[in-house]
Amino acid sequence: MREIDVSVITDNVAEMCISVNHFLSDDMKCAIEKSYDNEKNELGKVILEKLKDNLQIAGEEMIPICQDTGMAVIIMKVGQDVHFTGGNIEDAINEGVRKGYTEGFLRKSVVDDPLIRNNTKDNTPAVIHYFIVPGDKVEITLAPKGFGSENMSKLYMLKPADGIEGVKNAVLQAVKDAGPNACPPMVLGVGIGGTFEKAALLSKMALTREVGSHSELPHIKELEEELLEKINELNIGPAGLGGSTTAMGVNIETYATHIAGLPVAVNICCHVNRHIKKVI
Amino acid sequence: MEYHIEAPISKDVLSKLRTGDNVYITGTIYTARDAAHKRMDETLNKGDELPVDLKGNVIYYMGPSPAREGKPIGSAGPTTASRMDKYTPRLLDLGLGAMIGKGKRSPEVHDAIVRNGSVYFAAIGGAGALLSKCIKESEVVAYDDLGTEAIRKLRVEDFPVFVVIDSTGDDLYLKNN
């Protein structure tokens with residue numbers, strides 16, 4: 001049994017909130033560079049250049065990359081041999097979000113009730129997913145999610161007979177519907193299988209996987225590559241103004257499913273695909 | 001074409017702009033997004049005056065991150081315009097000059113743009129740090145309690161936008177797809 005004081009979680013979450021909103025991870029920086037090198041459309045290239053400038057200014061002057069610093073999505077993988085002490089873990093995580101968003105000059109974008117809609121003024125509560133895993137470590141993944149792209153995400157309950165073609169059509173339709181609204185170039189997180197909610201969670205977790213990495217399953221890796229190619233033929237382009245860079249990556253996660261179903265969730269993220277991981 | 005124009009923008013200038021033009025705006029513009037639009041709509045329903053005279057003015061659909069010390073504003077890129085579609089035709093009919101946002105607009109907004117000789121511009125989404133450099137002053141002028149969604153008066157210099165929907169109803173996004 002390893003004891004971890006929850007104040008350690010608070011401090012780490014706070015620091016991660018600030019860092020992730022000012023610096024993109026290396027995989028995303030590489031993806032934007034690569035898109036810039038490959039983009040043939042003149043206006044598309046100009047826009048990608050501005051996105052590179054934007055990242056530089058954000059890091060140098062500590063201005064958030066995007067004003068929508070998101071709702072904090074936190075994936076906690078807690079080792080089964082860990083014992084949290086010093087308080088409630090949920091409160092500790094939210095305290096970290098409160099501290100990070102307040103001290104880091106990040107936007108407070110959360111309302112307390114979806115219908116009454118009063119801003120909580122500290123960006124809490126976070127959306128937290130817990131997983132119990134073997135070991136005595138805690139892995140915290142933080143992925144603040146902006147809603148320009150979140151609003152364009154979709155969940156389809158396909159039939160088994162729809163098969164792989166049905167999955168491709170669903171993903172392409174979601175990208176076409178999103179178009180310029182989701183701040184392309186996008187990153188797609190796709191969850192296939194499980195149940196209604198499992199597919200959605202898989203799609204969110206897929207977005208936290210490095211862009212440029214691939215599924216270990218050969219048929220899924222092939223699907224990731226084919227979808228990326230097809231999406232980039234849509235000519236939506238950077239900022240939706242045309243070009244060959246509509247998406248920079250398609251990450252797919254799968255899970256077993258029911259004999260009667262084929263759930264497909266498409267979580268769309270903009271080019272500010274923020275994710276940061278820390279193991280304690 | 002490339003234009004450097006002053007805001008508020010006259011109808012004459014708006015009528016010259018065409019879909020795809022690169023425009024740099026200097027002058028005064030106002031921010032408003034979801035909650036401010038809802039409140040303006042409720043104000044009009046009650047027959048009251050809006051807190052800002054929209055005549056000929058530009059609304060930028062934007063809610064900034066907080067300003068650091070010595071800076072006028074934080075990150076300040078556009079938000080998705082379609083969420084304001086429900087309220088926009090009414091504001092255009094009341095004299096709103098132009099809008100800056102990102103993403104598609106509804107057929108009703110297209111019609112109202114043509115009917116009023118207005119223009120819908122897009123700024124680059126997700127480039128809030130870069131765009132903040134063009135904002136020189138920012139002041140909350142209404143709905144302070146809405147935090148980031150308050151109405152702000154901004155002084156901008158060479159703020160870069162593209163004409164997406166021009167006063168003839170031509171739409172850049174539809175042309176591309």
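Predicted model only: the values in this text are computed from it and were never measured. Proteins come first, then strands; the chains are lettered A, B, ... in the order of their sequence lines, and each starts at number 1. Only this structure's heavy atoms are used, side chains among them; waters, hydrogens and symmetry mates stay out.
Interface residue A:Leu106: only backbone heavy atoms are found under 4.5 Å from chain B. If you measure heavy-atom distances from B:Ser65 to chain A, the contacts under 4.5 Å come from both the backbone and the side chain. Residue A:Leu43 touches chain B through its side chain alone, counting heavy-atom pairs closer than 4.5 Å. Both the backbone and the side chain of B:Ala127 come within less than 4.5 Å of a heavy atom in chain A. Looking at A:Glu61, both its backbone and its side chain come within 4.5 Å of chain B, counting heavy atoms on both sides. For B:Asp145, the part lying near chain A is the backbone, with the side chain staying farther off; criterion is any non-hydrogen pair under 4.5 Å. The contact between A:Lys176 and chain B is made entirely by backbone atoms, counting heavy-atom distances below 4.5 Å. Only the side chain of A:Asn151 has a heavy atom closer than 4.5 Å to any heavy atom of chain B.
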For this session: Decide side chain to side chain donor-acceptor pair (under 3.5 Å) for B:Thr168 and B:Asp170; before the verdict, give the C-alpha distance in whole Å, the side-chain angles of both, and the deciding distance to 0.1 Å.
Result: CA-CA 6 Å; B:Thr168 70; B:Asp170 219 5; 5.0 Å; no
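Interface check for chain B: of the options A:Ile65, A:Leu51, A:Asp53, the most heavy-atom pairs under 4.5 Å are formed by A:Ile65. Your options are B:Ala67, B:Gly147, B:Gly74, and the one with the most heavy-atom pairs under 4.5 Å with chain A is B:Ala67. Looking only at heavy-atom pairs under 4.5 Å with chain A, the residue among B:Lys133, B:Lys102, B:Glu149, B:Lys104 that has the most is B:Lys104.
Under 3.5 Å, the side chains of B:Thr88 and B:Arg105 contain a donor-acceptor pair of N or O atoms. Checked by atom type, the side-chain pair A:Asn181/B:Arg83 shows no donor-acceptor distance below 3.5 Å. With no hydrogens or angles considered, no side-chain donor-acceptor pair links A:Asn123 and A:Arg98 at under 3.5 Å. Using a 3.5 Å distance cut-off with no hydrogens or angles, the side chains of B:Thr43 and B:Asp48 do not pair a donor with an acceptor.
Using a 4.0 Å cut-off between charged nitrogen and carboxylate oxygen, A:Lys34 and A:Glu39 do not count as a salt-bridge pair.
Proximity of a side-chain donor or acceptor of B:Thr148 to a complementary backbone N or O of B:Pro64 within less than 3.5 Å is detected. Side chain of B:Tyr24 to main chain of B:Val161: no donor-acceptor pair is present (N/O by atom type, distance under 3.5 Å, no hydrogens or angles).
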